Amino acid sequence: MKIIACYSNKGGVGKTAVSVNLAYAFAAAGKRTLLCDLDPQGASSFYFRVKPSKKLTEAAFFEDVGKFTKAIRGSDYDNLDILPANLGFRDFDVFLSRMRNNRSRLKKALKGVKADYDVILLDCPPNISVLSENIFRSADAIMVPVIPTTLSQRTFDQLVEFFKEQDLPLKKLHGFFSMVQSVKALHGATIAEMTDRYGKRFMKAQIPFASDVERMGLLRAPVMATTPISAASKAYQALYLETEKRVMAR
Amino acid sequence: MYLDRCLLLPEKVWKIDDMTQLDAACYSLSLAGAKKLENDGFNKLKAVWTQDGEAVPFAVLDCFEQPLRGSGRLLLETRETLELLLSDGQVLTQSAKRSGDFVSDLCDGPVKDALADLSDLRILMSIGTGEIRLETLTLVDDVEKIQCRAHLRTLTTEEGGALLMTLRGVRGYDKALSVLRRKLVGLGACALGRGAVYLQLFPGQPGYQAKPKIDLTKDMVAVDAANDIIAAYIPVVRANEAGIIADHDSEFLHDYRIALRKIRSVTSLFKGIYKPDQTADLKARFSDLMSTTGRLRDLDVYLLEKQKFYDLLPQTLHGGLDMLFSRFAQERGEEQAKLALHLQSKSYEKEIAKLEKLFRRRKKLTRGPNAELSAGKYSSKLIWKRYRKVCETAAGIDTNTTDEEVHALRIHCKKLRYLMEFFAPLFPQGQVKSLVKPLKHLQDNLGLFNDYAVQQDSLAALLRQLGRGRQTGALELAQSIGALIAMLHLRQLEERAKVTESFAQFNSDHTRQTFRTLFKG
């Protein structure tokens with residue numbers, strides 16, 4: 001079983017859209033997949049029409065395997081389950097900081113459902129916190145969407161710095177460019193510069209800026225399911241194949 | 001169609017009882033129930049029906065004695081696919097391509113694997129046909145999230161129909177699944193495992209039982225017991241006729257012969273039940289019915305055991321075996337055609353109909369000196385006497401006794417077994433079973449001894465016949481037959497050597513004690 005986190009310390013970069021479509025792609029390829037919505041806003045649960053779980057408090061999440069397992073919901077697609085978020089998840093940090101061994105609690109919580117899945121995808125809230133440290137330690141890979149703009153570049157740099165400071169393996173980071181607009185000169189230049197600086201840490205697949213992705217909120221389904229032939233779907237499929245190669249094969 | 005014959009079988013009428021189950025994964029619903037389901041609500045959930053493709057023809061397949069029906073499975077064949085529905089909701093699918101009608105003739109796949117428990121001597125045959133339509137029912141909530149699915153197969157036949165639903169729950173939405181289940185059960189749905197679907201699709205089609213259940217009681221008079229047994233087996237004889245004529249598989253003839261043999265053994269073993277001249281007449285008439293079938297059965301056995309014969313001889317002699325078996329195959333074809341004609345002849349129909357009527361009306365059946373004895377006393381006496389005979393004959397057998405003595409022991413054992421099986425309902429079930437099991441073992445030993453002897457004789461006869469003609473390959477054929485006779489002789493000696501020990505195993509302290517308590521008056 002592999003744990004793959006979709007993470008960005010900056011919001012609005014297409015993180016949830018990636019979580020949702022990657023989870024869909026893994027499941028469609030026959031992998032038993034669980035998408036954990038750790039973002040209290042519950043956007044990925046919303047995309048799959050799964051309502052917030054009422055009973056899964058932060059304490060139960062980390063301490064009660066039975067409740068954790070019970071909160072899991074089947075999606076409308078084969079092989080794909082969702083652990084929906086609720087607003088209580090916003091207190092994860094406070095809760096975790098009070099716990100002993102608080103940096104490895106998430107891994108322990110996920111252990112309980114390990115046998116049920118081949119892949120667990122984590123849709124993470126956009127901040128650097130005790131929870132994100134937990135995520136960095138538990139995940140086999142951390143997918144980081146980056147909009148090729150100066151501000152996004154800066155947050156990626158900050159993330160790399162954090163990894164270095166905390167002595168976390170940089171190899172876990174898999175950056176990719178998101179919401180790319182090829183007409184914008186700045187996008188092109190940023191991509192070139194970052195690829196040059198980070199080399200293998202960036203994946204080849206890029207997700208274009210597309211209205212199809214925005215419409216996911218209306219249709220409440222992965223774009224790969226509703227318009228599989230769109231450019232966005234093809235880009236997610238390429239991203240999935242590259243992720244599969246980088247993470248699952250190892 | 002030959003299934004019409006089955007309609008004559010009154011014993012086994014499939015019954016629905018207690019078929020509601022709230023944890024099943026596959027249900028069958030009557031078409032009326034299905035109509036109601038369409039118009040019903042599901043609490044707060046919305047039902048979405050989606051049709052999957054057009055209606056196509058289907059056939060339900062099973063062996064003649066319907067083991068799939070008995071085990072709560074349903075095998076559907078459409079033009080291209082075989083689908084096996086299991087009671088746990090699993091649906092196995094594979095290509096319908098096949099080279100014949102036996103399970104071994106199906107192409108490899110999950111359905112074939114799941115049918116591995118069926119007899120390899122029985123073909124799969126269509127027990128009925130109709131049209132099938134596929135649909136999916138999903139239950140969705142207020143945001144259109146799917147909370148439960150069901151795959152629907154609407155089967156319509158000439159006489160009825162059913163809606164089969166395999167339920168697919170969605171993790172975390174157990175309530176939706178139980179809403180659907182409760183709704184189905186409320187509409188009278190039955191779990192697939194209970195076999196009700198067969199009644200819904202093909203109402204009035206009773207099943208076939210090679211060993212019909214006969215309700216005997218200790219206080220009934222012996223003649224009634226005899227008549228009931230015979231009356232129960234005549235329909236078994238008749239039910240197999242069409243399968244023999246159509247040459248579906250060798251089991252039709254086998255069951256046909258066993259049923260006749262049982263009837264004949266009632267006439268010969270139940271002494272003094274009818275008046276002597278009627279006993280003689282019945283014995284002769286049932287024997288006559290059997291006599292036309294013997295050679296075909298012998299040839300069936302040769303062909304079924306073909307590989308065993310090849311294994312007995314070195315490869316250098318296989319050429320002769322090829323010739324021998326092609327002769328057998330040819331002769332079998334001729335014998336089968338002959339028997340088929342005979343079974344369709346007016347004289348046969350007249351005779352069997354007469355016998356049927358005789359045991360249905362029973363007015364013309366006479367009563368012998370033992371007719372009015374109670375079945376309990378009468379059967380105990382017969383069984384105890386036969387058991388003593390088995391023991392006496394067995395006691396005399398050592399390495400020097402003739403083969404005839406061993407044959408005599410075999411016949412006594414056979415008669416004992418028939419008597420015990422006929423009257424089993426009158427005695428404690430477990431105890432009779434505990435006697436029959438070791439007896440079976442002894443009979444297997446004696447049966448093989450006999451088969452080897454009979455086969456040697458028939459091969460020797462064939463050899464003598466060969467000596468007269470001058471066909472090409474006669475020498476090669478004769479060599480193989482000669483070798484085969486030698487090998488069969490060896491096998492027969494091996495079986496012969498086991499008889500004393502087999503008997504000792506059968507006649508344990510427990511056996512002796514049980515026979516004494518159950519049957520000694």
Side-chain angles (χ1 to χ4, degrees), chain A residues 20 23-24 27 31-37 42-56 60-61 64-86 112-120 215-222 225-226, chain B residues 23-27 42-53 81 83 85-86 88-94 109-110 134-153 165-184:
Chain A
V20 164
Y24 175 85
K31 296 269 187 291
R32 294 168 304 153
T33 307
L34 173 67
L35 172 60
C36 282
D37 191 357
S44 52
S45 324
F46 174 82
Y47 281 140
F48 282 109
R49 303 165 191 259
V50 176
K51 292 174 182 174
S53 68
K54 284 174 199 153
K55 285 181 187 158
L56 193 63
F61 187 103
D64 187 337
V65 177
K67 274 197 181 149
F68 183 97
T69 314
K70 255 193 172 164
I72 293 175
R73 298 281 177 270
S75 74
D76 289 1
Y77 309 98
D78 286 346
N79 298 320
L80 179 53
D81 289 349
I82 315 290
L83 180 80
N86 64 45
V113 292
K114 207 174 134 183
D116 290 354
Y117 300 102
D118 302 314
V119 188
I120 298 182
R215 278 184 42 217
M216 268 174 47
L218 263 161
L219 298 173
R220 297 184 76 173
T226 52
Chain B
D23 57 353
C26 186
Y27 290 91
F42 296 88
N43 293 1
K44 287 178 186 167
L45 298 169
K46 194 171 85 181
V48 181
W49 305 79
T50 330
Q51 188 166 332
D52 306 325
T81 51
E83 270 188 330
L85 279 74
L86 305 177
D88 65 359
Q90 270 193 83
V91 180
L92 306 175
T93 309
Q94 73 169 56
L134 304 181
E135 265 173 302
T136 309
L137 165 66
T138 48
L139 297 185
V140 301
D141 62 14
D142 54 337
V143 293
E144 306 275 312
K145 167 79 185 81
I146 296 172
Q147 295 206 353
C148 180
R149 280 191 188 86
H151 296 294
L152 280 54
R153 291 170 174 76
M165 298 184 72
T166 44
L167 309 188
R168 299 278 180 263
V170 178
R171 185 169 181 167
Y173 298 98
D174 303 349
K175 254 191 204 161
L177 184 61
S178 66
V179 164
L180 180 55
R181 268 204 189 114
R182 241 173 299 162
K183 171 78 57 191
L184 289 177

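Remember, it's a predicted structure, so these values are computed and weren't measured experimentally. Quick note on labels: first sequence line is chain A, next is B, and so on, each numbered from 1. Excluded from the calculations below are hydrogen atoms, water molecules and symmetry mates; all remaining heavy atoms, backbone and side chain alike, are included.
Heavy-atom neighbours of chain A within the stretch residues 135-143 of chain B, taken at a separation under 4.5 angstrom, comprise B:D141, B:D142, B:V143.
Shown here are the side-chain contact (heavy atoms from CB on, under 4.5 Å) partners of A:K114, two or more places apart in sequence or in another chain: A:M1, A:K111. A:R73 is linked by a salt bridge (Lys or Arg N to Asp or Glu O under 4.0 Å) to nothing, counting only residues two or more places apart in sequence or in another chain. For A:R215, the salt bridge (Lys or Arg N to Asp or Glu O under 4.0 Å) criterion is met by A:D212, not counting sequence neighbours.
If you run side-chain hydrogen bond (donor to acceptor under 3.5 Å, both in side chains) between A:R32 and each of A:D116, A:D78, A:D118, only A:D118 comes through.
There is no contact between B:R168 and chain A, counting heavy-atom distances below 4.5 Å. Both the backbone and the side chain of B:E144 come within less than 4.5 Å of a heavy atom of chain A. Residue A:D76 touches chain B through both its backbone and its side chain, counting heavy-atom pairs closer than 4.5 Å.
Remark: side-chain polar atoms of A:R49 are not paired, donor with acceptor, to backbone N or O of A:A221 under 3.5 angstrom.
Of the inter-residue distances, the one linking A:F48 atom CZ with A:M216 atom CE reads 7.5 Å to the nearest 0.5 angstrom.
The closest side-chain heavy-atom distance from A:D37 to A:P84 is not below 4.5 Å.
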